[in-house]
Chemist: 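I am attaching a structure below and will ask some questions about it afterwards.
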There are 2 protein chains.
Amino acid sequence: MVESNQGGESLLFLTDEQLRKGIEAMFFAYRAFTADPDRILEGMDYGRAHHRAIHFIHRAPGLTVTNLLTILGVTKQSLNRVLRSLIDDGLVEARVGRSDKRERNLHLTAKGAELERALSDAQRARMRAAYRAAGPVAVQGFRTVLEAMMDPEMRRQYQSLREGGV
Amino acid sequence: MVESNQGGESLLFLTDEQLRKGIEAMFFAYRAFTADPDRILEGMDYGRAHHRAIHFIHRAPGLTVTNLLTILGVTKQSLNRVLRSLIDDGLVEARVGRSDKRERNLHLTAKGAELERALSDAQRARMRAAYRAAGPVAVQGFRTVLEAMMDPEMRRQYQSLREGGV
DNA sequence: GAATTTACGTCAGCCTTGTTGACTTTCCAA
DNA sequence: TTGGAAAGTCAACAAGGCTGACGTAAATTC
C-alpha cells in the first residue's frame, strides 16, 4: 500500500493495519480493564452493571436517577433493577430531592463506599501499573486518543463530571 | 495530596484523580468504539458476539475453533451458538483440517467478507478520525498504555496474531 | 385551579450472550 | 488398541440489555 505524506508529516499511523491494531488493542485491553472488578463481584450478587452505578454515584454524589441514566446510557428499567438491589442491600441511599421532591439524590452508604473502594483499588492498581510502565507522555497520548474517539455529547459528559452533581 | 518526585521525573500522572480519569475515558471510549458496528448489526439477526467472531476469522483465516475460543475468551457452547448461525447463513465456512481432520479451519465466505468490510469500515472510520485528531505521538502512547494494561498471556496473543493461523 | 409534564418506580415479557454440566462422534497418537 | 483431544450439541440458567404499558407524586404551565 502506498502512503503519501502531507505537510511533511508521516501518515503511516493511519494505515488500515495500524487502525486494526488499535481496534484489537481496545478489545483486549478492555477485557483486562474489567477483569479485576469482575473477579471481586463474582460470588457476590452483583455484576458489572452494579459496579458502573457504584462508580458514578461515588464520583458525583447526589446525582439524580436521570443523571445516572444519561451517563450510563441504559434504560430506566434496566438501571432500576440494579439500583433496587443496591438500595435494598444498603449500599446506596436515595434521598428525596430538597428543591425538587420528585428527584432522588443518590449517595453511597458507608457499606457502599467500602465496596467502591475495593473495586476501584483493584482497577486503579492495574491502571497505575500500566501508566507507570508506559510513562507520562504515553499516558497523555492515551487520554487524547480515547477522548477523540468519543461522540461530542459523550465527551462533554466525560469532561464535565465533577463532584456535587452533574 | 502531596506528590513526591523520583529520579527527577514528575509522577503527577499517577494520582488517583488521573487514574480515575483514565478509567472513565476507557468506559466512555469503549462505548463509542462499539457503537457503529452495533448500529449496523441491529436489525440483522447478529450482535456484538458475531462481530467479534467475524473480525478474528477475517484477521487470521484458517484458524481453528479452539484458537478462536482462546482469543475470544468464551466457552465452546457460547461460541458455537454464534458460529452455528454464521455458518448456516453462509457467512463462514468451516473446512475440515488437512493434517488433523478433527480440526475445523474457519474462513469467511464472500458474503461474510462483505459484512466484515461494512463493520470494519465503520469502526476504522471512527478510529482514523480519532488518530488524525490526536496525532502520531498520541497514537503511539495510546497503543503503549493499552498494551501495558493487558495480562501477559493476552498481550502475547495480541502481538502474535497474524494471518495464516494463530 | 385545572391540565399537563416530569421524575421515578414497577410489571411483564423478550433477546443476546455469557455460564455449567453431561454426553457423543471423530480422529490422532502413544 | 486405547486414551485423550477437537468439535458439536442438548438443557438449563443468569446477567443485563430492550420495549411497552401503567401508576403516582410533584412541579409547571395555562
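Hydrogens, waters and symmetry mates play no part in the numbers below; they use all other heavy atoms, side chains included. Numbered from 1 within each chain, the chains take letters A, B, ... in sequence-line order.
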Chemist: Just the rounded figure in Å: distance from P of C:dA7 to CG of A:N105.
Modeler: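 These atoms are roughly 13 Å apart.
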
Chemist: Can you list, in residue-number order, the parts of residues 23-32 of chain A that come under 4.0 Å of DNA chain C, counting heavy atoms only?
Modeler: none

Chemist: Under the side-chain hydrogen bond (donor to acceptor under 3.5 Å, both in side chains) rule, what do B:E24 and A:H55 come out as? Steps first, then yes or no, please.
Modeler: CA-CA 9 Å; B:E24 287 171 7; A:H55 173 96; 2.7 Å; yes

Chemist: Taking only heavy atoms on the protein side, list every residue of residues 45-52 of chain B lying under 4.0 Å from any atom of DNA chain D, sorted numerically.
Modeler: none

Chemist: Identify, residue by residue, the members of residues 79-97 of chain B with a heavy atom below 4.0 Å from DNA chain C, and return them in order of residue number, or none.
Modeler: B:R81

Chemist: Between A:D151 and B:R126, does any side-chain N to carboxylate O distance fall below 4.0 Å?
Modeler: yes

Chemist: May I ask you to establish whether A:K21 and A:F13 are in a cation-pi arrangement, using a distance under 6.0 Å from NZ or CZ to the six-membered ring centre and at most 45° from the ring axis?
Modeler: no

Chemist: What residues, two or more places apart in sequence or in another chain, satisfy ring pair (Phe, Tyr, Trp, His ring centres under 6.0 Å) together with B:F27?
Modeler: A:F56

Chemist: In the 5'-to-3' direction, what one-character label does each nucleotide of nucleotides 19-30 of chain D receive under the scheme B = base within less than 4.0 Å of a protein heavy atom, S = sugar-phosphate only, - = no such atom?
Modeler: BBB----BS---

Chemist: Does A:D45 have any salt bridge (charged side-chain N to carboxylate O under 4.0 Å, His left out) partners at least two apart in sequence or in another chain, and if so, which?
Modeler: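 Testing A:D45 for salt bridge (charged side-chain N to carboxylate O under 4.0 Å, His left out), a comparison that skips the adjacent residues, returns none.
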
Chemist: For a quick check under 3.5 Å, do B:T64 and B:N67 share a side-chain donor-acceptor pair by atom type?
Modeler: yes

Chemist: Quick one: A:L69 CG to C:dT6 P, roughly how many Å, whole number?
Modeler: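 Answer to the nearest Å: 15 Å.
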
